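This is a predicted model, so every value here is computed, not measured. Throughout, a chain's letter reflects where its sequence line sits, starting with A, and its residues are numbered from 1.
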Protein chains: 2
Amino acid sequence: MGTKDEMIKAEVLAQAQKLFRHYGLTKTTMEDIAKAAGKGKSTLYYYYKSKEEIYKEVVMGEMNETFSFLKEAVEAAETAEDKLRAYSLTKFRVLQEKVNLYTVICGDIESNFQLMMELHKNYESQELQLVKAILDLGQERGEFPGIINANTDQLAFTMVCAGRGLQMGLVFNNNFVDLDSRIDLMSRILMYGLKGENPAQK
Amino acid sequence: MGTKDEMIKAEVLAQAQKLFRHYGLTKTTMEDIAKAAGKGKSTLYYYYKSKEEIYKEVVMGEMNETFSFLKEAVEAAETAEDKLRAYSLTKFRVLQEKVNLYTVICGDIESNFQLMMELHKNYESQELQLVKAILDLGQERGEFPGIINANTDQLAFTMVCAGRGLQMGLVFNNNFVDLDSRIDLMSRILMYGLKGENPAQK
DNA sequence: TTTTTGACTAAAAACGTTTTGCAGTCCGAA
DNA sequence: TTCGGACTGCAAAACGTTTTTAGTCAAAAA
């Protein structure tokens, strides 16, 4: 009965997600999840190997959602330029949404640093690939004469890191004012930079 | 006898700095500092109000040093473009050094988050001003037609945040390879972006 | 008078023990 | 096959005790 099985798993996950958002990893007990899902605690272990597995699944779901938004937006765009713009725009939009949801995560990160790092690393490498692909495309199509012969790996790393720093800044200062115009400005600068002529002029 | 007074204070600070670098804030005791400075513990309280004051002074000294390097490099440059380039180059150079010096910092930051934030905030606002000043100058001199009418406050914020994100990435991955070429590439992109023509072409 | 210090205190950290809360198991029921 | 409740073991909280350490003070030294 694969279908029913899947449905229960999904329900458990959905409830767990709700609870994790409110209370974080440690403060959410397996009993809480079981109750919310209308099941007994041990039933959860029929579907999932451990609490950590549930948590991982929830967080990865969240990340995958984010990433698929990103990917979708990127794929919808035609030129590398538009892709890059769509990437940054979507990224910050999604962040803005998620920030409101996950109030607790920060505490979670502190107390479970290892796990979060593991998950994050995986996610970041996906994003790195995405950005690198865009840059490579742009380079291939000659959209970015400014970075001819540049190491797109490094550039992608730089851009992703910078993006994260900016995200942190925004979250920390709760400084989401004028987000759109700011993103626009930033991507304009980035775009012109990528498109700029080769450094003949000193 | 202001001079002798100053000398002793400086000596205490120097010893404290050495110890903090090795052992961090909590693992360094006032007795350690006193012994290293060749004084009795209570003597320290004749010169400093508290351990925290000593620590603050040390960290602020470190930050001021960093900042004065930055400022010096920026002032030495002529054009806003060169200033900006000098800024990023120096910033990462200094970071690289400090990272080697301070082996403990991560643990310290975790256990004394509040204090570090306070100090960092102060420092960051200085840096924000510096960057903004460069941008304003560039705008004024017409070096940056790409950002005409742009909000340089926001742009400075963005750049400083992005820089910090990149720093984090570098430190975390211990990824200082090709630092120079990477900085060069990034600042080239940034420069062309700032200089780019106004967005007439879509 | 200015500097320095050893003796003191109060508060916090470290340590060892007990208790408890919860993840995860097992067995039996449906 | 699906589930729940009782059970186990472990890891973290709670608690009391001891040690360490930041900070004070009054008195000695310079």
Side-chain angles (χ1 to χ4, degrees), chain A residues 1-20 22-59 104 107-116 118, chain B residues 1-20 22-59 104 107-116 118:
Chain A
M1 206 117 5
T3 310
K4 195 184 170 192
D5 202 76
E6 295 292 313
M7 273 182 54
I8 292 178
K9 284 193 83 166
E11 173 64 12
V12 169
L13 225 56
Q15 295 305 323
Q17 183 177 50
K18 217 180 288 181
L19 287 164
F20 285 141
H22 273 294
Y23 306 111
L25 172 60
T26 51
K27 294 239 172 199
T28 301
T29 72
M30 287 298 268
E31 281 216 30
D32 292 336
I33 300 174
K35 272 216 184 99
K39 303 282 172 185
K41 183 174 65 121
S42 37
T43 304
L44 298 188
Y45 289 93
Y46 182 77
Y47 295 102
Y48 292 99
K49 210 175 94 261
S50 65
K51 186 185 181 181
E52 191 172 301
E53 197 187 64
I54 297 180
Y55 189 71
K56 272 188 185 173
E57 206 108 333
V58 168
V59 174
V104 215
D108 259 25
I109 288 174
E110 213 174 328
S111 61
N112 221 317
F113 201 70
Q114 208 65 32
L115 177 61
M116 293 307 291
E118 189 187 318
Chain B
M1 204 106 21
T3 309
K4 196 184 169 194
D5 200 78
E6 295 292 314
M7 273 182 54
I8 292 178
K9 285 193 83 169
E11 173 63 13
V12 169
L13 224 57
Q15 294 304 322
Q17 182 178 51
K18 215 180 289 181
L19 287 163
F20 285 143
H22 274 293
Y23 305 111
L25 172 60
T26 52
K27 294 237 174 202
T28 302
T29 73
M30 288 298 268
E31 280 215 32
D32 292 337
I33 301 173
K35 271 215 184 104
K39 300 280 173 185
K41 184 179 63 135
S42 20
T43 305
L44 299 188
Y45 289 93
Y46 182 76
Y47 295 102
Y48 291 98
K49 210 177 94 262
S50 66
K51 185 186 183 182
E52 192 172 301
E53 197 187 64
I54 298 179
Y55 189 71
K56 273 188 187 174
E57 206 109 331
V58 168
V59 174
V104 220
D108 255 28
I109 287 174
E110 211 174 330
S111 62
N112 222 316
F113 202 70
Q114 207 64 34
L115 177 61
M116 294 307 289
E118 187 189 324

*Asks:* Check whether any side-chain N or O of A:Tyr46 sits under 4.0 Å from OP1 or OP2 of D:dT2, and answer yes or no.
*Replies:* yes
*Asks:* Between atom CG in B:Leu44 and atom C1' in C:dT5, what is the gap in whole Å?
*Replies:* 11 Å
*Asks:* Expressed in angstrom and rounded to an integer, what is the separation of B:Glu53 atom CD from D:dG23 atom C1'?
*Replies:* 13 Å
*Asks:* Once side chain to side chain contact (heavy atoms under 4.5 Å, CB included) is applied, do any residues pair with A:Thr29, and if so which ones, sequence neighbours excluded?
*Replies:* A:Glu31, A:Asp32
*Asks:* Tell me, please, which residues at least two apart from A:Lys56 pass side chain to side chain contact (heavy atoms under 4.5 Å, CB included).
*Replies:* A:Glu52, A:Leu115, A:Glu118, A:Leu119
*Asks:* What's the angle between the local helix axes at either end of the helix from C:dT1-D:dA30 to C:dA30-D:dT1, using five pairs per end and rounding to 10 degrees?
*Replies:* 30°
*Asks:* Grab the CD-P distance between B:Glu31 and C:dA12 for me, whole Å please.
*Replies:* 19 Å
*Asks:* Send over the distance from B:Lys51 NZ to D:dA22 P, rounded to a whole Å.
*Replies:* 4 Å
*Asks:* With sugar-phosphate meaning primed atoms plus P, OP1 and OP2, does B:Thr26 contact a base, only sugar-phosphate, or nothing at under 4.0 Å between heavy atoms?
*Replies:* nothing
*Asks:* With B:Ser50, which residues qualify under side chain to side chain donor-acceptor pair (under 3.5 Å), at least two apart?
*Replies:* none
*Asks:* Could you tell me the separation between the CE atom of B:Met30 and the P atom of C:dA10, rounded to a whole number of Å?
*Replies:* 19 Å
*Asks:* May I have the distance from B:Leu25 (atom CG) to D:dT21 (atom P), rounded to whole angstrom?
*Replies:* 13 Å
*Asks:* Compare every heavy atom of A:Ile8 with every heavy atom of A:Lys39, then report the nearest pair and how far apart it is.
*Replies:* NZ-CD1, 4.1 Å
*Asks:* Less than 4.0 angstrom between a side-chain N/O of B:Tyr47 and OP1 or OP2 of C:dT4, yes or no?
*Replies:* yes
*Asks:* Quick one: closest heavy-atom pair of A:Ala36 and A:Leu19, and the distance?
*Replies:* CB-CD1, 4.0 Å
*Asks:* Expected output is a numbered-order residue list: members of residues 32-43 of chain A with a heavy atom under 4.0 Å from any atom of DNA chain C. What is it?
*Replies:* A:Lys41, A:Ser42
*Asks:* Side chain to side chain contact (heavy atoms under 4.5 Å, CB included) with A:Ala10: which residues, sequence neighbours excluded?
*Replies:* none
*Asks:* Which heavy atom in A:Lys9 sits nearest to a heavy atom in A:Tyr48, and how many Å separate them?
*Replies:* O-OH, 3.1 Å
*Asks:* Indicate the atoms forming the closest heavy-atom contact of A:Tyr23 with A:Lys27, along with that distance.
*Replies:* O-CB, 3.2 Å
*Asks:* Roughly how far, to the nearest 0.5 Å, is CD1 of B:Ile54 from OH of B:Tyr47?
*Replies:* 12.0 Å
*Asks:* Could you tell me the separation between the OH atom of B:Tyr45 and the C1' atom of C:dT9, rounded to a whole number of Å?
*Replies:* 13 Å
*Asks:* Rounded to the Å, how far apart are A:Ile8 CD1 and D:dT1 P?
*Replies:* 15 Å
